[in-house]
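Take a look at the structure set out below.
For clarity, every value in this text was computed on a predicted model and none was experimentally measured. In the text below, chain A, chain B and the rest are named by the order of the sequence lines, each starting its count at 1.
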Amino acid sequence: MSSMRQSDTVFALIDGNAFYVSCERVFSPALRQRPVVVLSNNDGCVVARSNEAKTLGISMGVPYFKIRHAYEQGGGIALSSNYSLYSDLSSRMMSVIGQYSDRQEIYSIDESFIEWTGFRHLDLDSMARDLRKQVDRWTGIPVGIGIGPTKTLAKLANRLAKKHPDFMPAGICDLTSLPEPVLDTYLASLDVGEVWGIGSRWAKKLVDLGVYTALDLRQVDPVWMRRHFNGSLERTALELRGIACFPLEESPPPKQQIVSSRSFGQLITRQEALSEAVSTYTARAAEKLRQQHSRARALTVFLHTPPFNSREPQYHPSVTLRFAASTSDTLVLTSAALNGLRRIWKPGYRYQKAGVMLLDLVSRGEESLSLFADEQELAAGQSPSRQALMSVMDQINREMGRETLWTAAQGVKKSQANVTPWRMNRQRLTPAYTTRWDQLPVARAI
DNA sequence: TCTGGGGTCCTAGGACCC
DNA sequence: TCTGGGGTCCTAGGACCC
């Protein structure tokens, strides 16, 4: 029996392999066995890579223009990110995974923790194999599975399942089944920077202090970690020893802030175009706000000139506006955002990005009214008829597709790129196969 | 020419109060 | 002229995650 198995409960981390690429491959079999990358918004950076692309040496996060020539010469394919496809396949994948445990945390679009209690090693192994097969059968997405006594160790196990030859064929790594000396060998094969919660800065500091591998980190005194770093990293060190400090979060608490921002398809100078962009981002943020049944008491608008071009004059202003009464009304929020924009916009700059943040969020029904709210603001922020209007708008946009209904401030000539230059570039976008009737895949008899 | 977007947590330091 | 100490709240900045 391994000493890592201190309790009856284990965590499994299931994640999609090169998730965005795998989603694309579900509907385009021609992409299989070929180098494929998916790009960030505006076709900027590489955010997902197939194994074939990794083999070509394409690194995560690299700006695509830097590698494009050589990559495409070598037969590589690049796609714009298609989030409606990825989030739809994600929820299907999550619901299959959810059938394997009654305790599930959806950690990100492609990762889920589940908890398993009371299984022996052989049962765990067959459960994991079965889970993997079912996800593949029902969604077409290949997944890796890591199992450990803590979330941090489950993450590391998942890493081993992806990169260590001993586990790669099955795509499953169960650390709880390993005798201690064997476990140590595997932990020693992982750099300290591969541990969940250790980014590049702290990895460097740890290496300077003589902590090189995941095994080294497991053996340091957790209190020493707290002294040199902070309490979070102390917990990371404890988790590596098999002491669970990060619980499963089945229903994540509502967000404390909501941001909607985008880089533009081209640099923008006109205030009118910025107003349309800011109104669009505000509408999107407000929709998310209502989805989690919250209201905002403050809103920030910000602008950015391009950060990478030193010849361009730099300007990144922001302004925060407070509301006397909290609100989730798109029209109230939009007029505040445009107000803020007028205050910070200055001519003579070419803007690259704008955004809106909703802050100081309160759950609907929990907030206390400000003594200074005047009645007009209360009426605008919270009146039942405006709430009803928002619900109808949300429902229509949910059922008929995003931005079926929009505010006039977002601009009326939406489809033409020449009049909405702020819309992002997505020149390599595949169809929304699963979420739009007009883009369903068509099966043809040969 | 072309470098994403959306989050959280922690700490330090300043303002303010008694 | 001498000029404490402790608490709270807020913000900015830095680190991390995917």
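- Looking at heavy-atom distances under 4.0 Å, A/Ile109 makes no contact with the nucleic acid at all.
- Residues passing the ring-ring contact (aromatic ring centres under 6.0 Å, His included) test with A/Tyr83, sequence neighbours excluded: A/Tyr20, A/Tyr86.
- At a threshold of 4.0 angstrom between heavy atoms, the contacts of A/Lys288 are confined to the sugar-phosphate backbone, with no base atom among them.
- For B/dC16 and C/dG4, the C1' atoms lie 16 Å apart once the distance is rounded to whole Å.
- Each of A/Cys45 and A/Arg226 was matched to the nucleotide of DNA chain B holding its nearest heavy atom; the match closer to the 5' end belongs to A/Cys45.
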Dot-bracket encoding of pairs in DNA chain B, which uses [ ] for pseudoknotted crossings and | for another strand, Watson-Crick or G-U under 3.5 angstrom:
....||||||||||||||

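- Residues from residues 62-87 of chain A placing a heavy atom under 4.0 Å of any atom in DNA chain B, listed by number, are A/Pro63, A/Phe65.
- Nucleic acid contact class of A/Ser200 (heavy atoms, under 4.0 Å, all strands): sugar-phosphate only.
- Pairs engaging residues 293-315 of chain A under the ring pair (Phe, Tyr, Trp, His ring centres under 6.0 Å) rule: A/Phe302-A/His304, A/His304-A/His316, A/Tyr315-A/Tyr349 [sequence neighbours left out].
- Every residue was checked against the ring-ring contact (aromatic ring centres under 6.0 Å, His included) condition with A/Tyr281, not counting sequence neighbours, and none meets it.
- Using a 4.0 Å heavy-atom distance criterion, A/Arg235 is classed as a sugar-phosphate-only contact.
- Closest approach of A/Leu333 to A/Ala286, counting heavy atoms only: CD1-CB, 3.7 Å.
- Contact annotation for A/Lys155: backbone-only contact, meaning every heavy-atom pair under 4.0 Å involves sugar-phosphate atoms and none involves a base.
- Close approach of DNA chain C to chain A, defined as any atom under 4.0 Å from a non-hydrogen atom of the protein, starts and stops at C/dA15 to C/dC18.
- Heavy-atom distances to DNA chain B give each of A/Ser232 and A/Gly61 a nearest nucleotide, and the one nearer the 5′ end belongs to A/Gly61.
- For A/Arg343, the salt bridge (Lys or Arg N to Asp or Glu O under 4.0 Å) criterion is met by no residue, not counting sequence neighbours.
- For the pairing with A/Ser84, the side-chain contact (heavy atoms from CB on, under 4.5 Å) check across A/Leu89, A/Thr435, A/Thr434 returns one residue only, A/Thr435.
- Listed by first and then second residue, the ring pair (Phe, Tyr, Trp, His ring centres under 6.0 Å) pairs involving residues 37-81 of chain A amount to none (not counting sequence neighbours).
- Among the atoms of the strands shown, none is found under 4.0 Å from any heavy atom of A/Asn42.
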Would you tabulate the side-chain donor-acceptor contacts of residues 196-206 of chain A under 3.5 Å, counting partners in other chains and residues two or more places apart, or write 'none'?
unit_1: A/Trp196; atom_1: NE1; unit_2: A/Tyr107; atom_2: OH; d: 3.3
unit_1: A/Lys204; atom_1: NZ; unit_2: A/Asp208; atom_2: OD2; d: 3.4
unit_1: A/Lys205; atom_1: NZ; unit_2: A/His228; atom_2: O; d: 2.7

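- No engagement by A/Asn425 is indicated, since no non-hydrogen atom pair under 4.0 Å with the nucleic acid exists.
- The salt bridge (Lys or Arg N to Asp or Glu O under 4.0 Å) search around A/Arg398 returns none, not counting sequence neighbours.
- Applying the salt bridge (Lys or Arg N to Asp or Glu O under 4.0 Å) test to every pair with at least one member in residues 90-99 of chain A, sequence neighbours left out, gives these pairs: A/Asp88-A/Arg92.
- Across all strands, A/Ile198 comes closer than 4.0 Å only to sugar-phosphate atoms, never to a base (heavy-atom distances).
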For residues 159-166 of chain A, dump all side-chain donor-acceptor pairs below 3.5 Å to protein atoms at least two apart in sequence or in another chain.
unit_1: A/Arg159; atom_1: NE; unit_2: A/Glu194; atom_2: OE1; d: 2.9
unit_1: A/Lys162; atom_1: NZ; unit_2: A/Asp15; atom_2: OD1; d: 2.7
unit_1: A/Lys162; atom_1: NZ; unit_2: A/Asp15; atom_2: OD2; d: 2.9
unit_1: A/Lys162; atom_1: NZ; unit_2: A/Asn158; atom_2: OD1; d: 3.4
unit_1: A/Lys163; atom_1: NZ; unit_2: A/Glu194; atom_2: OE1; d: 3.1
unit_1: A/Lys163; atom_1: NZ; unit_2: A/Glu194; atom_2: OE2; d: 3.4
unit_1: A/His164; atom_1: ND1; unit_2: A/Asp166; atom_2: N; d: 3.1
unit_1: A/Asp166; atom_1: OD2; unit_2: A/Tyr186; atom_2: OH; d: 2.5

